[in-house]
Number of protein chains: 2
Amino acid sequence: MFNLASYLPYLVNRIGVRLAGAFGKELAAYGITLPMWRVLAALRQRGGQRVGRLAEATSIEVSTLSRLLAGMERRGLVRRERASEDARSVLVELTQAGARLIQRIIPQALHYEDVALRDFDRADAEALKDMLVRVYDNIGALEEEGLEKARRSA
Amino acid sequence: MFNLASYLPYLVNRIGVRLAGAFGKELAAYGITLPMWRVLAALRQRGGQRVGRLAEATSIEVSTLSRLLAGMERRGLVRRERASEDARSVLVELTQAGARLIQRIIPQALHYEDVALRDFDRADAEALKDMLVRVYDNIGALEEEGLEKARRSA
DNA sequence: TATTGTTATACTCTATAACTATA
DNA sequence: TATAGTTATAGAGTATAACAATA
């Protein structure tokens, strides 16, 4: 009736734990944490962006992100400044040091993906990723439905 | 060269964050946390077991698990006693209250899986789970290789 | 000595809400 | 009033190491 070992949330969680443990230790050698790595990667890819957008891109809570950015700014990895168009927002950008650091780490990160997918051919790897995107979207849709239900009953 | 949005560890992590957020809130209504739910589910499925084995089954650190179990014991959900065969180990079991609670929660848990896989047919869902198991094993193999490398160089 | 758990400490992430600054 | 971020606080998880009990 219920089997933990084939329960999707559990399967996803244990991979997350294992990856975070392994890659996190490697990142420690560079003096950064896993959330910091995600911030650097998101900034590298999509360029400077507002804090809110960065929170979505990295799946990190805004308040958590704010303190994380403060630490990264102290370490000279990112720069924050009020946006000119809408002075309520804050624009976050990579510094040169941050850009250099993420560039050095990317090969390590790709190595982890290679290992995780070592016995997958390219088509299967793509299929897996596509399915994971669908799963993510499905859960997001659930949340929105939940919110609407809450709104209707309020 | 590097795309966060198609990077496997990121795809897995964001699903984990989203699921933990949604299901965790539901569990709060029952007065338990997500790690507690995993402990209850593991105990229900494989019966009473040692703390170490429970740690593996749930992907929770032993020291974290120990304190978690202390709280669950205070709440009357589990029972701990020294194992008779090897008195170094501690056997953890569900109490009747714990068994009743997990039984009530299982339908909710299954609902989350249904939503996450809402647009998957049965074969695709199975394929996805099989791939996730392989990914988990691959990363585990990496860790062991890393340990061996460390051993050899030590 | 090695193994199984427990406990202690310091650190990080989360949830929540109060607060600041804009709009 | 509403939105974007920041800050504060309390709670929970993690890493590490010291410790207790047993083998």
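All values reported here derive from a predicted model rather than from experimental measurement.
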Going by heavy atoms in the side chains, are Leu128(A) and Leu128(B) under 4.5 Å from each other?
-> yes

Is the phosphate of dT6(D), meaning OP1 or OP2, less than 4.0 Å from a side-chain N or O of Ser63(A)?
-> no

In sequence, state the C-alpha distance, the side-chain angles, and the governing distance for Arg18(B) and Tyr136(A), and then conclude on side-chain hydrogen bond (donor to acceptor under 3.5 Å, both in side chains).
-> CA-CA 8 Å; Arg18(B) 199 164 252 198; Tyr136(A) 180 74; 3.3 Å; yes

Euclidean distance, atom CD1 of residue Ile32(B) to atom P of dG13(D) [Å, nearest integer] | 12 Å

Is the distance between the ring centroids of Phe23(B) and Trp37(B) less than 6.0 Å?
-> yes

Could you state the atom-to-atom distance from CG of Leu54(B) to C1' of dG5(C) in whole Å?
-> 13 Å

Val51(A) near the nucleic acid: base, sugar-phosphate alone, or nothing, with a heavy-atom cut-off under 4.0 Å?
-> sugar-phosphate

Rounded to the nearest Å, what distance is computed from the CG atom of residue Leu69(B) to the C1' atom of nucleotide dT4(C)?
-> 13 Å

Separation of atom CG in Leu68(A) from atom P in dC11(C), rounded to whole Å | 16 Å

Could you tell me whether Ser89(A) contacts a base, only the sugar-phosphate backbone, or nothing, with contacts defined as non-hydrogen atoms closer than 4.0 Å?
-> sugar-phosphate

Answer with base, sugar-phosphate or nothing: what part of the nucleic acid does Thr64(B) contact at a heavy-atom distance below 4.0 Å?
-> base

With a 4.0 Å cut-off on heavy atoms, is Arg80(B) in touch with a base, just the backbone sugar-phosphate, or nothing at all?
-> sugar-phosphate

Between CZ of Arg88(A) and P of dT6(D) the distance, given in whole Å, is 14 Å

Rounded distance in Å - CE (Met36(B)) to P (dG13(D)) | 7 Å

Beyond-backbone contact of Leu54(B) with Leu69(B), side-chain heavy atoms, under 4.5 angstrom | yes

Here the distance between atom C1' of dT6(C) and atom CD of Glu73(B), to the nearest Å, is 12 Å

On DNA chain C, nearest-nucleotide positions of Asp86(A) versus Glu61(A): which is more 5'?
-> Glu61(A)

For the side chain of Arg75(A) and the backbone of Gly31(A), is there at least one donor-acceptor N/O pair under 3.5 Å apart?
-> yes

Scan Arg50(B) against the nucleic acid and name what it touches under 4.0 Å (heavy atoms): base, sugar-phosphate only, or nothing.
-> sugar-phosphate

Please state how far atom CZ in Arg18(A) lies from atom P in dA15(D), giving the value in whole angstrom units.
-> 14 Å

Upstream residue (5' side of DNA chain D) when Arg67(B) and Ala70(A) are each assigned their closest nucleotide = Ala70(A)

